[in-house]
Number of protein chains: 2
Amino acid sequence: MSESRTDLAAPPPLTDEDRAYLATYDPRKYAPVAVTVDIVILTIDRGELSVLLVRRGVPPYRGLWALPGGFVRANEDLGAAAERELREETGVGLTEAPAADRGGPAEADRGEPGLAGDYLEQLRTYGAPDRDPRMRTISVAYLALVADVGRVRGGDDAADAWLWPVAGIEQGRPRLAFDHARIIRDAVERARSKLEYTSVATSLLPETFTIGDLRRVYEAVWGVRLHPANFRRKVLATPGFVVPTGEKVSTGRGWTELYRRGTTTTLHPALLRRSQLSTADGDTPDTL
Amino acid sequence: MSESRTDLAAPPPLTDEDRAYLATYDPRKYAPVAVTVDIVILTIDRGELSVLLVRRGVPPYRGLWALPGGFVRANEDLGAAAERELREETGVGLTEAPAADRGGPAEADRGEPGLAGDYLEQLRTYGAPDRDPRMRTISVAYLALVADVGRVRGGDDAADAWLWPVAGIEQGRPRLAFDHARIIRDAVERARSKLEYTSVATSLLPETFTIGDLRRVYEAVWGVRLHPANFRRKVLATPGFVVPTGEKVSTGRGWTELYRRGTTTTLHPALLRRSQLSTADGDTPDTL
DNA sequence: GCAATAGTGTCTCTCAGACATTATGGT
DNA sequence: ACCATAATGTCTGAGAGACACTATTGC
């Protein structure tokens, strides 16, 4: 079965006819289009799910806040462009460089032990004809989950950079350039559902963490309160999610076991959010 | 709560500075890039999950099979381009025109009763620098699930069109142009997981159908055998998935109730596939 | 009668959620 | 003493999967 399958990644060879045709092909005869990559970098800042934004230093929308991003360079892969932007903004390298353009369940194991493995996946592409007043611009948006954005610093055309709570973004603070509010909304929804069936929540934590730390990540991203006992039981019952380091740390009031991420990326069973069917009563549903 | 939220879709207004800047902006100074839309149109043909392919009538790769698609027109939205291509290839209109660019759980109810509601959602964007020998080409791929492709017919630059079983595609038959084999693989994976937690399987069926028809759709897409009794119980226990029409039809040997799609798009509870952990024994696991 | 499918009922096992209880150690 | 958190254990209900059984009708 392994030998009979063709390599899906290999492009077909060109024929002589193809080469003759390409010699007469003029790429400049079409309407100009720009392709950009924008990254939604999510992290937990002071207990809140937050997004890294840069204040635009050039027109259009100079002074407004926007997602970090930029034009895709010639001969640069989309995933490579996203990774480059992520590095420029956070100064943090990625653990899983070649997997940057894959994402999804097919992705390989992550996390060489000892490195904070940031997460990066393609989110969606936005191409409304009027979304950029300069010209027709297609933006391939990426979602990044990082434990630490380093010292927040501006990039090339960014006068300033700051972590903004997602809760505020959803209420329109601050004003965002282009259609970036919509992109962030989609990214947060993707992140929320990714936490259900993958182990990416560990990308929002340092190398070692307690079960309580992991629970607070889920609470911050989902915006709910989780039942500590049930959460702990479910996490430890999911093979490969976390592995104990053997060390204990004095957190809260007592001693707690430290864990690091396991080798599993897709969780079996998943940590499902409570079904969105409202409980119809006002109290906070203590779930999980 | 409804009034305090800003409209995420409204673009920010331009300033005087922006207008002055845009007057001097020249879009032609960047390297030329082309943006295309390719559609993976999946349907059930003779009981097999199949994909609509067209044989290329022009170079490059003339004679090879490829996904239907084409260049995005100036001032044309990505979703509109995908919908246009889908119409051109199948001759079947979409039920849910404005939702074409949304997809995902946030999408509204589908299916005016009486119309076969095809499904269309953005899949992923492919932009490897060498994926098109003509020039740098960014392809925004869409996934479509349709009940009937109509009479299979070629489009503009297609010499021929045909439904190919997905099982053969995964083994390299036929040879595909560009990176379309990879795109189809991603689309099939997306479709398989969409069937778990949404009701899109009904998009692969005519307006009315039996529970057995619905089960055979799941079997064809997932490539497994499902337990008829358990499948029936789970489908009918999921509120809003299907609604009985009151009619009965003589299918198989006996009379069976006819159903049509319900108003629910996200299933609670989901119809989960058996956990991929192999059963380690050779027999076909009769699951669900 | 036989074959094939539709449909009902039941049993077991797993898991989610709620809750009770104890331990720990800083304030 | 008090309290917040960690950690363990138990109970109940929902759902998944397996299986037994009946009904119907074309062959």
Side-chain angles (χ1 to χ4, degrees), chain A residues 47 195-197 208-219 222 224-239 241-242 244-245 247-259 267-279 281 283-288, chain B residues 47 196-197 208-219 222 224-239 241-242 244-259 267-279 281 283-288:
Chain A
L195 256 62
E196 289 189 277
Y197 57 94
T208 60
F209 48 86
T210 69
I211 300 291
D213 293 335
L214 184 61
R215 175 172 51 81
R216 280 180 284 274
V217 166
Y218 274 86
E219 291 177 333
W222 286 351
V224 297
R225 298 271 299 164
L226 297 179
H227 197 290
N230 293 335
F231 181 84
R232 173 187 174 78
R233 174 164 44 85
K234 286 174 68 172
V235 167
L236 295 181
T238 304
F241 193 178
V242 297
T245 64
E247 298 170 276
K248 287 189 183 298
V249 69
S250 158
T251 177
R253 286 104 177 130
W255 295 94
T256 310
E257 183 93 8
L258 272 183
Y259 295 83
L267 304 182
H268 295 287
L271 281 95
L272 297 177
R273 280 179 284 184
R274 188 198 205 80
S275 55
Q276 285 84 335
L277 315 169
S278 69
T279 45
D281 49 314
D283 66 318
T284 316
D286 213 42
T287 162
L288 261 188
Chain B
E196 289 190 279
Y197 57 92
T208 60
F209 49 85
T210 69
I211 300 292
D213 294 334
L214 185 61
R215 175 172 50 81
R216 279 180 286 273
V217 165
Y218 274 86
E219 290 177 335
W222 286 351
V224 297
R225 297 272 300 164
L226 299 178
H227 196 290
N230 293 335
F231 180 84
R232 172 187 174 80
R233 174 164 46 82
K234 287 174 67 171
V235 167
L236 295 181
T238 304
F241 193 177
V242 296
T245 64
E247 297 170 277
K248 286 188 183 300
V249 68
S250 160
T251 177
R253 287 98 176 136
W255 296 94
T256 311
E257 185 93 8
L258 272 183
Y259 295 82
L267 304 181
H268 296 285
L271 281 99
L272 296 177
R273 279 178 286 184
R274 187 197 206 83
S275 54
Q276 286 85 334
L277 316 169
S278 68
T279 46
D281 48 314
D283 64 319
T284 316
D286 213 42
T287 161
L288 261 188

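None of these values were measured; they are calculated from a predicted model.
- You'll find the side chain of A:L271 reaches within 4.5 Å of the side chain of A:F241, heavy atoms only.
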If you restrict it to nitrogen or oxygen atoms, what contacts under 3.5 Å exist between nucleotides 8-15 of chain C and the protein, and what is each distance?
unit_1 : atom_1 : unit_2 : atom_2 : d
C:dT8  : OP2    : B:R232 : NE     : 3.3
C:dT8  : OP2    : B:R232 : NH2    : 3.1

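- One can place CZ of A:R273 at 16 Å from C1' of C:dA16, the figure rounded to the nearest angstrom.
- For the pair B:D213 CG and C:dT5 P, the interatomic distance rounds to 12 Å; values are reported in whole Å.
- With sequence neighbours left out, B:E247 forms a salt bridge (charged side-chain N to carboxylate O under 4.0 Å, His left out) with no residue at all.
- Remark: A:W255 is in phosphate contact with C:dG25, judged by side-chain N or O atoms under 4.0 Å from OP1 or OP2.
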* To do: Before giving the answer on side-chain contact (heavy atoms from CB on, under 4.5 Å), spell out for A:T210 and A:R232 the whole-Å C-alpha distance, their side-chain angles and the decisive distance to 0.1 Å.
  => CA-CA 10 Å; A:T210 69; A:R232 173 187 174 78; over 6 Å; no

* Asked: side-chain contact (heavy atoms from CB on, under 4.5 Å) between A:D213 and A:Y259: does it pass, once the steps are laid out?
  -> CA-CA 10 Å; A:D213 293 335; A:Y259 295 83; over 6 Å; no

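- Spacing between atom CZ of A:R215 and atom P of D:dT5 amounts to 8 Å, rounded to whole angstrom units.
- Between the P atom of D:dA6 and the CD atom of A:E257 lies a distance of 13 Å, rounded to the nearest Å.
- Distance A:L271 CG to C:dG17 C1': 13 Å, rounded to the nearest Å.
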* Could you walk me through whether B:Y218 and B:V224 pass the side-chain contact (heavy atoms from CB on, under 4.5 Å) test, one step at a time? => CA-CA 8 Å; B:Y218 274 86; B:V224 297; over 6 Å; no

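- Put simply, CG on A:L272 is 13 Å from C1' on D:dA14, counting in whole angstrom units.
- The side-chain contact (heavy atoms from CB on, under 4.5 Å) check on B:P269 picks up B:T238, with sequence neighbours excluded.
- Summarising the geometry, the separation between CG on A:L226 and P on D:dT5 is reported as 14 Å, rounded to the nearest angstrom.
- A:L258 has its CG atom 13 Å from the C1' atom of D:dA6, to the nearest Å.
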